[in-house]
Amino acid sequence: DFDGDGRMDLALPSAGRKTLRIVSFADGQIRELGSASLPAAIDKAIAVSGEGHEAKLVVGLDNGDVYEVGR
């Protein structure tokens, strides 16, 4: 729940996999809550590290790096 509305949101890569997008499906609408440009394409799972406002998204990149994205 990235925007605090009590509903689950979704973190997914863009079509080119070099941007991580956070989207909501609240009220029957798809809405982008935020995005982060990455230094390489995502090629591993997207995971959550931490809880609440301290939570970060962790992604594996195709250059071998692991990248953290915070709020």
Check your understanding: Would L20 and L12 satisfy side-chain contact (heavy atoms from CB on, under 4.5 Å), going step by step from the backbone distance to the final call?
Key -> CA-CA 6 Å; L20 181 64; L12 62 144; 5.9 Å; no
Check your understanding: Under a 4.0 Å N-O cut-off, is there an ion pair linking K44 with D62?
Key -> no
**Study point:** L38-F2 co-clustered via ILVMFWY side chain contacts under 4.5 Å
**Key:** yes
Exercise for review: May I ask you to say whether R7 pairs ionically with D27, meaning some side-chain N is under 4.0 Å from a carboxylate O?
Suggested key: yes
Check your understanding: Among the clusters formed by ILVMFWY side chains lying less than 4.5 Å apart, do V58 and V48 turn up in the same one?
Key -> no
Revision key, fill the gap. The reported gap from CZ in R21 to CG in D9 (rounded to nearest 0.5 angstrom) is 15.0 Å
Review point. Does one hydrophobic cluster hold both L33 and V69, with members joined at side-chain heavy-atom distances below 4.5 Å?
Key: yes
Check your understanding: So do the side chains of D43 and V59 get within less than 4.5 Å of each other, counting heavy atoms only?
Key -> no
Review point. Counting heavy atoms not belonging to E54, are there more than 12 under 6.0 Å from its CD?
Key: no
**Study point:** Side-chain heavy-atom pair I22, L10 within 4.5 angstrom cut-off
**Key:** no
Check your understanding: Can you find a heavy atom in the side chain of L57 that is under 4.5 Å from one in the side chain of S49?
Key -> no
Check your understanding: Is there side-chain contact between P39 and D65, with heavy atoms separated by less than 4.5 Å?
Key -> no
**Study point:** Heavy-atom pair of closest approach, residues A41 and G16
**Key:** CB-O, 4.2 Å
Review point. For A40 and L61, which heavy atoms make the closest approach, and how far apart are they?
Key: O-CD2, 3.6 Å
